[in-house]
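Worksheet: the structure to be examined is printed underneath.
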Amino acid sequence: MTMPHSQRCLGPKVYPEVPDGGWGWAVATAFFFVEVCTYGTLKSLGVFLQDLMEEFGESNSRVSWVISICVFIFTFTAPLSTMLSNRFGCRRVVMMGGFLISLGTISSAFTNSINEMYITIGVVSGLGYCFSFLPTVTILAQYFSRRRALVTSVASSGESFAVFAFAPAFTILKEHIGWRYCLVILGTVQASVIGCGLLLRPIIIEPEPAQEDSESDKESLSLKQLQTAYELENEQTRTSISSGVSQGSGDSGVTSLSTSDGDLRTAGAESKALKEWEVQDKEGREPSLSTPPTPGKEMDEAGPLHPSRTKLLDFSVLKDRAFICYSLFGLFATLGFFAPQLYIIELSKSRGVEPSMASYMLSVMAVAEIFGRLSIGLVLNRVQCRKISVLLGCVVLLCLVLVAFTLVWEFWGLVVCCALYGYFMGTVGSTHIPMLAEEDVVGIQKMASSVGVYVFIQSFAGLAGPPLGGVLVDVTKNYGAAFYSCAAGMGLSAVCLALVGPAKSGMCQRQSRNKETGRSEEEEEKMSQDSGQADFLEVDLALEYSPVRHAVDQDNASVI
């Protein structure tokens, strides 16, 4: 029976192992455009900040709630996105997300108040961002293993290209057609996410039976057969000795022979079962349920990519202390992810930069962010130390750059700060979610379930970040004050990230101690059983073949 053409083209991709390529390159391309239409667009909305304040007569903090609500919905609904992806598949969820993004952005062009924009961009588009981004980055991580950091960093540079292109383009375009028509054009571009969803073919890993495994199974079978034959030979020797002794004493030897027959029947049954198992193995069939499988083999072969083993929503990762520390890192780091892009243009204007040149600050950030994403991908692909240590160094440097924004006043100083911020922001932004797949945090097996919980925890900082910066600006009348909250949050995130390693090593040591304790108890129990059986056999044989026993038997025979 042949499969339909659409099923062959759009159905799941089956690989014997993680391909590190193949259809994964198409998924990486889709992720590039999803980044353009999600994070890239979200960071470019600062271009319309002043227009919205003048149009609706609102303050900085009130307008910044549009971005804040959007980021909050984006991250808060991450568990819902994970659950729907596990239930209906990534493709359908991403296509629905693309529709919601386009709908929210286009409808915001026809709003009459900032409260209505809270619904259109904040809720509708925010939900679409979540449905589009999370399933795409999750399935991309499953297609790559050795090249995961490099490919994810390159594909996530779509966000930087979007900021580089959108910021000056919409700054010029809104002067000719107005900010409302700019949003209509932007929403039309975002509809391309629907097409990107079609490229997200699920991946299934079905390992081929390895030659080494079959040879090792045959070797184990041959060893078992040799052991059985040795036991049979030993039993026959015992039987002949017992028979010889019993013949000398006038005993019929029925007792010893009956015991040997029972052992022979047992050994024969074991040998027959081993032969049947070997025949089944040669024919390629699965062993029967009575045959115990190799411990851990079945779980490793299925892995996290087997559809039937994926839970709809799994909060068990909250028991992992390393994951909790890493989630707190993401929580505090989110304070510095969106506010700088939102306020950098107004900060530049307040410090004497011409409005036409101020919009290029975002472009400087975007270009530097591209280099940051590419360089961190190359470094993590070649580095020999722990990858989480590299991420920690980038977070610390990013915190220092955020502090520098509050100290510089001239044009070139702001340009340097924007370049450094963009570079280190690229290193952190492109790795903090894929880093979940590393064994230093949770590992690839728990990636699908942990990413939703991780982004959900980030949502609260995403909700508070931009309004907190807006409140500081309204109180101090200084746009540089918005960067204080970003620097404070990034500093706390560095502390939490530094605790991930000790938490992970402590958990691993505790698990290894538990395993060693259980293993030692099993070995002691087995040794006690073996020693008991050996003592019993030695006593039995000693009594049976001893000269005293032989003399007693002769005396009994003479009396009879």
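Just so it is clear, the model here is predicted, and its values are computed rather than measured.
Sorted by first and then second residue, the salt bridge (charged side-chain N to carboxylate O under 4.0 Å, His left out) pairs involving residues 480-492 (not counting sequence neighbours) form an empty list. For residues 171-182, the set of pairs meeting the side chain to side chain donor-acceptor pair (under 3.5 Å) definition, not counting sequence neighbours, comprises D51-K174, E55-R180. The side chain to side chain donor-acceptor pair (under 3.5 Å) contacts involving residues 122-140 comprise Y129-Q190, where partners must be two or more places apart or lie in separate chains. Residue pairs meeting the salt bridge (charged side-chain N to carboxylate O under 4.0 Å, His left out) criterion with at least one member in residues 341-350, sequence neighbours excluded, are E346-K349.
Note that SG of C70 and CD1 of I121 are 7.0 Å apart. Values are rounded to the nearest 0.5 Å. To the nearest 0.5 Å, the span separating CG on N478 from CG on L472 amounts to 10.0 Å. Rounded to the nearest 0.5 Å, atoms CZ (R386) and CG (L392) are 10.5 Å apart. Atom CE in M117 sits 11.5 Å away from atom CD1 in I69 (nearest 0.5 Å). From I324, atom CD1 reaches atom NZ of K319 across 11.0 Å, with rounding to the nearest 0.5 Å. Rounding to the nearest 0.5 angstrom, the gap separating the CD1 atom in I457 from the CG atom in L328 is 7.0 Å.
Considering every non-hydrogen atom in both A503 and C325, the closest pair reads CB-SG, 4.3 Å. Considering every non-hydrogen atom in both T120 and S108, the closest pair reads OG1-CB, 3.3 Å. Across every non-hydrogen atom of G187 and T105, the tightest pair is N-CG2, 3.7 Å. Listed here is the closest heavy atom pair of I139 and P202: CD1-CA, 3.8 Å. Taking each heavy atom of I376 and C394 in turn, the nearest pair found is CD1-SG, 4.3 Å. The heavy-atom pair separating A482 from C486 by the smallest distance is O-SG, 3.4 Å.
By the side chain to side chain donor-acceptor pair (under 3.5 Å) test, Q458 is found to be paired with T334, residues two or more places apart in sequence or in another chain being considered. Listed by chain and residue number, L49, Q50, N60, V63 satisfy the side chain to side chain contact (heavy atoms under 4.5 Å, CB included) test with M53 (two or more places apart in sequence, or in another chain). Among residues two or more places apart in sequence or in another chain, the salt bridge (Lys or Arg N to Asp or Glu O under 4.0 Å) test is passed with R147 by none. With sequence neighbours excluded, the residues that form a ring pair (Phe, Tyr, Trp, His ring centres under 6.0 Å) with F72 are F76. Here S145 pairs with nothing under the side chain to side chain donor-acceptor pair (under 3.5 Å) rule; sequence neighbours left out. Qualifying side chain to side chain donor-acceptor pair (under 3.5 Å) partners for T38, counting only residues two or more places apart in sequence or in other chains: none.
In this structure, the side chains of L100 and F131 come closer than 4.5 Å at one or more pairs of heavy atoms. Two residues are said to be in side-chain contact when any heavy atoms from C-beta on lie closer than 4.5 Å; V151 and W25 meet this criterion. Taking 4.5 Å as the limit, every side-chain heavy atom of E58 sits out of range of all side-chain heavy atoms of L52. Proximity of F329 to L499: side-chain heavy atoms (C-beta onward) are nowhere separated by under 4.5 Å. Contact check for I203 versus P19: side-chain heavy atoms found under the 4.5 Å cut-off. V27 has its side chain within reach of L200: a pair of non-hydrogen atoms, C-beta onward, lies under 4.5 Å apart. Between F133 and E35, some side-chain heavy-atom pair lies under the 4.5 Å cut-off. Residues S363 and V163 form no side-chain contact, since every pair of their non-hydrogen atoms from C-beta on lies 4.5 Å or further apart.
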**Report entry** side chain to side chain contact (heavy atoms under 4.5 Å, CB included) evaluation trace for C418 with I344
**Finding:** CA-CA 9 Å; C418 288; I344 185 60; 3.7 Å; yes
Query raised in the report: Given L183 and I106, is the side chain to side chain contact (heavy atoms under 4.5 Å, CB included) satisfied, shown in steps?
Result: CA-CA 6 Å; L183 291 179; I106 293 176; over 6 Å; no
Report task. Check the pair M361, I345 against side chain to side chain contact (heavy atoms under 4.5 Å, CB included), reporting the backbone distance first and the verdict last. Result -> CA-CA 7 Å; M361 293 294 177; I345 294 178; 5.5 Å; no
Requested in this report: Could you check L318 against V453 for side chain to side chain contact (heavy atoms under 4.5 Å, CB included), going step by step and ending with a plain yes or no?
Outcome: CA-CA 8 Å; L318 293 176; V453 181; 3.8 Å; yes
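For S81 (side chain) and T77 (main-chain N/O), no donor-acceptor pair under 3.5 Å exists by modelled atom type. With hydrogens and angles disregarded, no donor-acceptor distance shorter than 3.5 Å links the side chain of S68 to the backbone of S64. Although no hydrogens or angles enter the test, the distance criterion places a donor-acceptor pair under 3.5 Å between the side chain of R148 and the main chain of F144. Looking at S192, its side chain does come within 3.5 Å of a backbone N or O of V189 through a donor-acceptor pair. Under the 3.5 Å distance criterion, the side-chain polar atoms of E116 are matched with a main-chain donor or acceptor of N112.
The local environment of CZ in F56 is crowded, with over 12 non-hydrogen atoms from other residues, nucleotides or ligands closer than 6.0 Å. A 6.0 Å sphere centred on OH of Y360 holds no more than 12 heavy atoms belonging to other residues, nucleotides or ligands. Around OH of Y143, the count of heavy atoms belonging to other residues, nucleotides or ligands within 6.0 Å exceeds 12. No more than 12 heavy atoms of other residues, nucleotides or ligands shown are found within 6.0 angstrom of CZ on F99.
For D320 and K504, the salt-bridge test passes: some basic side-chain N is under 4.0 Å from an acidic carboxylate O.
A donor atom on one side chain and an acceptor atom on the other are found under 3.5 Å apart for Y423 and S375. For the 3.5 Å distance criterion, the side chains of R373 and S156 qualify, holding a donor opposite an acceptor.
Centroid-to-centroid, the aromatic rings of F323 and Y326 stay 6.0 Å apart or farther.
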Pair up each side-chain donor or acceptor in residues 404-411 with any protein partner under 3.5 Å, not counting sequence neighbours, and list the distances.
unit_1: T406; atom_1: OG1; unit_2: V403; atom_2: O; d: 2.6

Donor-acceptor pairs under 3.5 Å, side chain of residues 427-435 to any protein atom, not counting sequence neighbours: which ones?
unit_1: T427; atom_1: OG1; unit_2: F424; atom_2: O; d: 2.6
unit_1: S430; atom_1: OG; unit_2: G426; atom_2: O; d: 2.7
unit_1: T431; atom_1: OG1; unit_2: T427; atom_2: O; d: 2.6
unit_1: T431; atom_1: OG1; unit_2: V428; atom_2: O; d: 3.4
unit_1: H432; atom_1: ND1; unit_2: Y454; atom_2: OH; d: 2.9

